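These figures come from a predicted structure and were not determined experimentally.
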Amino acid sequence: MGKGITQNGDEVDIHFIIKDSVVNSFIYTYTSQEGSRCTNLHYDNVSPASYSKVSNGTFSFSLSSTLSFTGKLNTDTSASGTLTFVETDAALRYGCAANFDVHWTATKLQTASAASATPVTSSWCGKNINCNDLLFQLLIFGLVNGAILALSAIGITVIYSTVRILNLAHGDVFALITVFVTSAINIIGLNLDWTAPTRVLTLGLVFVGAVAIGALLSVIVEALAFRPFRGRSKLAPLIASLGLSFILYQGSLVWRTFQRSFIRGEHRSVPGLNEVPTDGIPNFFPTGNLLHGRVVFQYSDAFVLVIGLLFVLITMWILQRTQLGRSIRAVAQNEELAQIVGVNRDGAIRRAF
């Protein structure tokens with residue numbers, strides 16, 4: 001087990017096992033720019049027949065242009081070498097893309113220590129993968145992604161429960177709001193060099209603008225796709241909202257042409273069509289991992305979970321504790337009876353959107 005230093009001065013931990021003159025386990029771990037602990041999985045996908053063999057005290061392994069690992073046994077208990085790797089797949093870790101050249105040195109561990117340093121293995125989760133860490137990481141991914149989906153699902157659920165018709169344009173409204181937020185921050189030029197109070201104030205104003213635009217688009221969808229057909233047809237609003245969905249999507253394609261990153265003639269997934277807006281914004285949250293070890297749980301993940309839960313609780317409170325919520329629930333349960341007792345049906349449906 002040893003360590004290496006990259007050309008940028010970053011530290012990389014290296015752990016490999018030589019058994020019967022064959023390198024049958026190879027793991028390197030490093031810290032990304034965002035503070036996440038990242039671990040390679042390249043070697044685990046290689047068949048045992050391709051494992052590195054020690055010849056005259058030297059060994060090497062390469063995997064296309066992604067990984068190159070060479071070493072030399074200096075003594076019975078020490079080794080040194082080089083490691084070059086290019087990480088482009090960050091699917092299992094946030095922000096783990098890297099391109100490093102590492103000179104490393106390693107010393108032999110005692111058998112008991114080496115055994116304790118070897119990750120827990122399982123026949124179903126793969127060699128050199130800690131099953132508990134993997135399951136916990138997948139759980140975090142699921143909760144964070146589920147919280148993001150819940151922010152959109154809340155609106156879809158309230159609308160459907162009120163009018164009993166799916167609003168197929170809701171997703172496009174949600175997407176356009178995120179595009180507005182990204183474009184607004186880029187146009188304003190908000191970055192990490194601004195003071196914290198200024199950043200918070202600017203983000204708050206952008207949030208208010210996003211809420212206003214989202215409400216306006218939802219009112220337009222309700223007025224054009226649902227109100228004209230209320231009480232007449234269940235299929236017509238569905239088709240009308242689908243048509244508005246196409247219009248909003250085409251609007252996003254036009255929006256893309258006005259962004260700074262747009263390059264005419266760039267690669268397109270669909271020839272002849274512009275890509276939807278793809279500009280990004282800086283990460284305004286502190287970098288680092290809230291957990292210890294290889295499982296990554298960042299500040300942004302915690303924020304998404306808290307916001308998702310907060311909006312669920314706010315929606316529950318509005319539906320159960322306010323006059324507006326009672327009106328929406330009354331129309332959802334029995335539209336005609338709600339009108340008889342004085343509930344403004346159109347107003348309740350409009351507010352549900």
Do other residues, nucleotides or ligands put more than 12 heavy atoms under 6.0 Å from Phe311 CZ?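 Incorrect, the count does not exceed 12.
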
Enclosure of Phe246 CZ (heavy-atom neighbours >12, cutoff 6.0 Å):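 Atom CZ in Phe246 is not crowded, with 12 or fewer foreign heavy atoms closer than 6.0 Å.
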
Hey, could you give me the [atom1]/[atom2] distance between [X] and [Y], rounded to the nearest 0.5 Å?
X: Tyr160; Y: Arg164; atom1: OH; atom2: CZ; value: 6.5 Å
X: Ser233; Y: Ile165; atom1: OG; atom2: CD1; value: 7.5 Å
X: Leu205; Y: Ile188; atom1: CG; atom2: CD1; value: 7.5 Å
X: Leu291; Y: Gln298; atom1: CG; atom2: CD; value: 10.5 Å
X: Ser152; Y: Ile156; atom1: OG; atom2: CD1; value: 4.0 Å
X: Leu305; Y: Leu310; atom1: CG; atom2: CG; value: 12.5 Å

Looking only at heavy atoms, which two atoms of [X] and [Y] are closest? And how far apart?
X: Asn334; Y: Leu337; answer: OD1-N, 3.0 Å
X: Leu168; Y: Asp172; answer: O-OD2, 3.8 Å
X: Ala225; Y: Ser241; answer: CB-N, 3.7 Å
X: Pro228; Y: Ala223; answer: CD-O, 3.2 Å
X: Ala332; Y: Ser161; answer: CB-O, 2.9 Å

Flag the pair [X] / [Y] as yes when at least one side-chain heavy-atom distance between them is below 4.5 Å, and no otherwise.
X: Val163; Y: Glu222; value: no
X: Trp194; Y: Val200; value: no
X: Ile213; Y: Leu176; value: no

Side chain to side chain donor-acceptor pair (under 3.5 Å) between Trp255 and Ser183, intermediate numbers included: CA-CA 9 Å; Trp255 194 326; Ser183 299; 3.2 Å; yes

Kindly work out whether a path of hydrophobic side-chain contacts (I/L/V/M/F/W/Y, heavy atoms less than 4.5 Å apart) joins [X] to [Y].
X: Ile239; Y: Val221; answer: yes
X: Met316; Y: Leu151; answer: yes
X: Ile154; Y: Phe174; answer: yes
X: Phe284; Y: Phe180; answer: yes
X: Val208; Y: Val206; answer: no

Short side-chain to backbone donor-acceptor contact, [X] and [Y], under 3.5 Å:
X: Gln137; Y: Val296; value: yes
X: Ser218; Y: Gly214; value: yes
X: Asn289; Y: Val295; value: yes
X: Asn145; Y: Phe141; value: yes
X: Arg329; Y: Leu319; value: yes

Let me see the working for Asn167 and Phe226 under side-chain contact (heavy atoms from CB on, under 4.5 Å), right down to the final yes or no. CA-CA 9 Å; Asn167 177 15; Phe226 289 84; 3.8 Å; yes

